[in-house]
Protein chains: 2
Amino acid sequence: MGDRTVLLVDDHPVVRAGYRRLIEMQPGYCVIAEADSASAAYLAYRRAPADLVIIDLTMPGTSGLEGIRRIKAVDRKARILVFTMHDGLSYALKAFEAGASGYVTKSSPPEALISAMEQICHGGKAVSDDIAREIAAERLLGRRSAVEGLGPREVEILKLIASGMTTEEIADALSLSQKTIQNYHSAIKAKLDARTDARLVRIAIDAGLIDLSPADVA
Amino acid sequence: MGDRTVLLVDDHPVVRAGYRRLIEMQPGYCVIAEADSASAAYLAYRRAPADLVIIDLTMPGTSGLEGIRRIKAVDRKARILVFTMHDGLSYALKAFEAGASGYVTKSSPPEALISAMEQICHGGKAVSDDIAREIAAERLLGRRSAVEGLGPREVEILKLIASGMTTEEIADALSLSQKTIQNYHSAIKAKLDARTDARLVRIAIDAGLIDLSPADVA
DNA sequence: GGGTCGGCTGGGAGATTTTCCCGATCTTGC
DNA sequence: GCAAGATCGGGAAAATCTCCCAGCCGACCC
């Protein structure tokens with residue numbers, strides 16, 4: 001049995017059952033393990049490295065991104081396919097930065113998952129159509145998610161602002177004067193055409209700059 | 001065939017396959033239709049009313065909540081079970097307001113879905129353990145999601161603030177003076193212990209006050 | 001009826017923040 | 001060396017926020 005082995009990672013048992021069914025209907029693949037968290041996935045991979053890891057991003061506890069990093073840290077050749085509901089481009093980019101070889105959204109037809117699996121097992125990379133379209137749209141239309149018009153320092157400060165920190169806290173954290181933070185704050189609002197701080201937060205969230213899942217409101 | 005008929009609504013084909021497998025392994029149930037959107041679910045229900053509708057909340061296009069309302073509008077006796085990834089209490093409350101009979105999170109074990117189905121088909125209501133715990137915690141610890149300490153007008157204005165509207169726009173929308181909005185704004189920040197508008201937005205999002213999915217930044 | 005309580009609506013005034021303009025410094029590339 | 005651009009911060013006027021206050025209205029209870 002030259003079947004390719006698969007490690008399935010998702011925190012929803014019912015969803016895992018769906019994956020498993022779909023994958024095992026496909027000749028040439030065999031699910032050798034399941035995990036319901038990123039840390040469990042890491043342990044499972046160390047115990048028995050699968051040829052392919054299929055992992056969700058949003059899970060309780062350690063995030064899927066962190067899970068990808070850890071697995072890649074112990075095995076640089078690991079092939080990891082992200083299969084998630086998030087259709088935001090920023091999520092996909094983060095996944096690739098973390099070391100994923102593929103990104104398929106759950107809205108995609110099952111065939112997309114299968115073909116991405118094939119692609120990746122042959123050493124390639126794969127993204128689902130919706131993400132590919134977003135990449136194309138960004139390139140063509142220049143919709144660089146707005147925040148791309150900002151400098152690195154501005155993005156950094158925007159993140160802190162959107163996370164709920166006060167001017168004083170940010171100034172303290174970055175060892176700058178409050179005046180500087182205020183000036184950045186104004187400049188960022190002007191550049192992003194946000195007349196309100198609330199809109200700033202929305203933009204930051206849309207751009208994937210902040211996590212917003214747990215209570216990371218420091 | 002005295003089987004109870006089930007209509008399955010979820011925008012992810014793979015996930016639907018998982019549900020279907022799980023449900024049909026259970027004696028006494030038969031999936032008679034699937035739908036990948038709230039509007040398709042509505043049409044499917046009109047065509048053939050199932051004994052039980054299992055529906056997700058987050059779907060492209062019309063939301064699951066709206067789908068629930070529409071189905072209940074044509075058939076007040078419809079039994080609807082929400083099966084979703086959202087574990088926030090606010091989502092569950094909205095679902096019940098819309099007319100759902102049950103709310104089970106996808107993090108629950110498969111048995112939770114089955115027992116909720118049984119419960120509902122016998123005319124009862126059901127929530128999964130995590131939601132039940134949240135309800136209990138709220139009751140016991142008084143963690144009324146913070147925003148519950150606000151008056152109705154305050155909540156209304158908080159929503160508008162968090163959606164990104166300026167003081168002037170809000171005053172105009174509600175036909176109030178800007179001064180009144182400013183006073184509410186300050187009072188809300190004080191009550192929620194938010195020193196920053198950004199934190200206000202986070203609180204509003206956590207409380208489920210705003211949608212945040214599409215660009216609903218008016 | 002009279003009374004109290006709480007929510008809604010806004011004024012006033014001082015403190016605070018925002019905004020816009022400016023200059024200094026430092027790196028980077030040519 | 002020099003121009004360009006990012007970073008850092010001052011100054012001052014404009015705008016906003018905060019806090020205190022008061023009138024109004026409906027609910028509720030003697």
Side-chain angles (χ1 to χ4, degrees), chain A residues 142 144-205 207 209-210 217-218, chain B residues 90 93 138 142-205 207 209-210 217-218:
Chain A
R144 321 214 36 165
S145 88
V147 296
E148 304 304 326
L150 272 47
R153 202 84 238 239
E154 289 170 330
V155 172
E156 185 179 7
I157 291 174
L158 171 57
K159 279 202 279 195
L160 298 181
I161 292 172
S163 80
M165 289 170 73
T166 64
T167 299
E168 187 179 358
E169 288 166 346
I170 297 172
D172 195 54
L174 300 182
S175 296
L176 295 176
S177 84
Q178 293 191 223
K179 192 71 229 288
T180 300
I181 304 301
Q182 284 180 354
N183 282 335
Y184 271 107
H185 198 327
S186 288
I188 292 169
K189 277 165 78 172
K191 283 195 183 181
L192 297 182
D193 194 33
R195 309 219 303 301
T196 280
D197 280 357
R199 236 184 279 244
L200 226 45
V201 177
R202 297 299 216 86
I203 292 173
I205 292 174
L209 258 46
I210 50 185
V217 183
Chain B
S90 57
L93 294 178
E138 172 173 300
R143 286 202 279 99
R144 322 216 34 169
S145 88
V147 295
E148 304 302 327
L150 272 46
R153 203 87 238 240
E154 289 170 329
V155 172
E156 185 179 7
I157 291 173
L158 171 58
K159 279 202 279 195
L160 299 179
I161 292 172
S163 80
M165 289 170 72
T166 64
T167 300
E168 188 180 356
E169 289 166 346
I170 296 172
D172 195 53
L174 299 182
S175 297
L176 293 176
S177 84
Q178 294 190 222
K179 193 75 231 287
T180 300
I181 304 302
Q182 283 182 358
N183 282 336
Y184 270 108
H185 198 326
S186 289
I188 291 168
K189 278 165 78 171
K191 284 194 183 181
L192 296 182
D193 195 31
R195 308 219 300 301
T196 281
D197 280 357
R199 236 183 278 244
L200 226 44
V201 177
R202 298 301 215 83
I203 293 174
I205 291 174
L209 258 46
I210 52 187
V217 183

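Atoms considered below: every heavy atom in the structure, side chains included; atoms not considered: hydrogens, waters and symmetry mates. We name chains A, B, ... by the order of the sequence lines, and we start the count at 1 in each one.
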Take the C1' atoms of the five end pairs on each side of the helix from dG1(C)-dC30(D) to dC30(C)-dG1(D), get both axes, and report the angle to 10 degrees. 40°

Identify whether any heavy atom of Thr180(A) sits under 4.0 Å from a base atom; if not, whether one sits that close to sugar-phosphate; answer base, sugar-phosphate or nothing. base

Taking atom C1' of dT18(D) as reference, at what distance in whole Å does atom CD1 of Ile181(B) sit? 16 Å

Separation between OG1 of Thr166(A) and CG of Asp197(B), rounded to the nearest 0.5 Å: 12.5 Å

Contact summary for Ser163(B) and Arg202(A), nearest pair of heavy atoms: CA-NH2, 3.9 Å

Given atom CD of Glu168(B) and atom C1' of dA14(D), what is their separation to the nearest angstrom? 15 Å

I'd like to compare against my own output: the B/S/- annotation of nucleotides 12-25 of chain C with a strict under-4.0 Å heavy-atom distance to protein. BB----BBB-----

Nearest heavy-atom approach of Ala162(B) to Ala198(A) is O-CB, 3.9 Å

Excluding sequence neighbours, so at least two apart, what forms side chain to side chain contact (heavy atoms under 4.5 Å, CB included) with Asn183(A)? Lys179(A)

Note: Ala194(B) and Arg199(B) closest approach over all heavy atoms is CB-CB, 4.0 Å

Quick one: NZ on Lys189(A) to CD1 on Ile203(A), what's the gap to the nearest 0.5 Å? 11.0 Å

Counting only side-chain nitrogens and oxygens, does Ser177(B) get under 4.0 Å of the OP1 or OP2 atom of dG10(C)? yes

Once you round it to whole Å, what is the distance between C1' of dG10(C) and OH of Tyr184(B)? 10 Å

Please list, chain by chain and in numerical order, all residues satisfying salt bridge (Lys or Arg N to Asp or Glu O under 4.0 Å) with Glu156(B), sequence neighbours excluded. Arg153(B)

Could you run down the sub-3.5 Å N/O contacts of the protein with nucleotides 24-27 of chain D?
none

Residues Ile188(B) and Leu158(B): closest non-hydrogen pair is CD1-N, 4.0 Å

Distance, nearest 0.5 Å, that separates CD1 of Ile205(B) from CG of Leu200(B): 10.5 Å

List in chain and number order the residues that pass side chain to side chain donor-acceptor pair (under 3.5 Å) with Ser177(A), two or more places apart in sequence or in another chain; answer none if no residue qualifies. Thr180(A)

Sidechain N-carboxylate O distance under 4.0 Å for Glu169(B), Arg195(A): yes

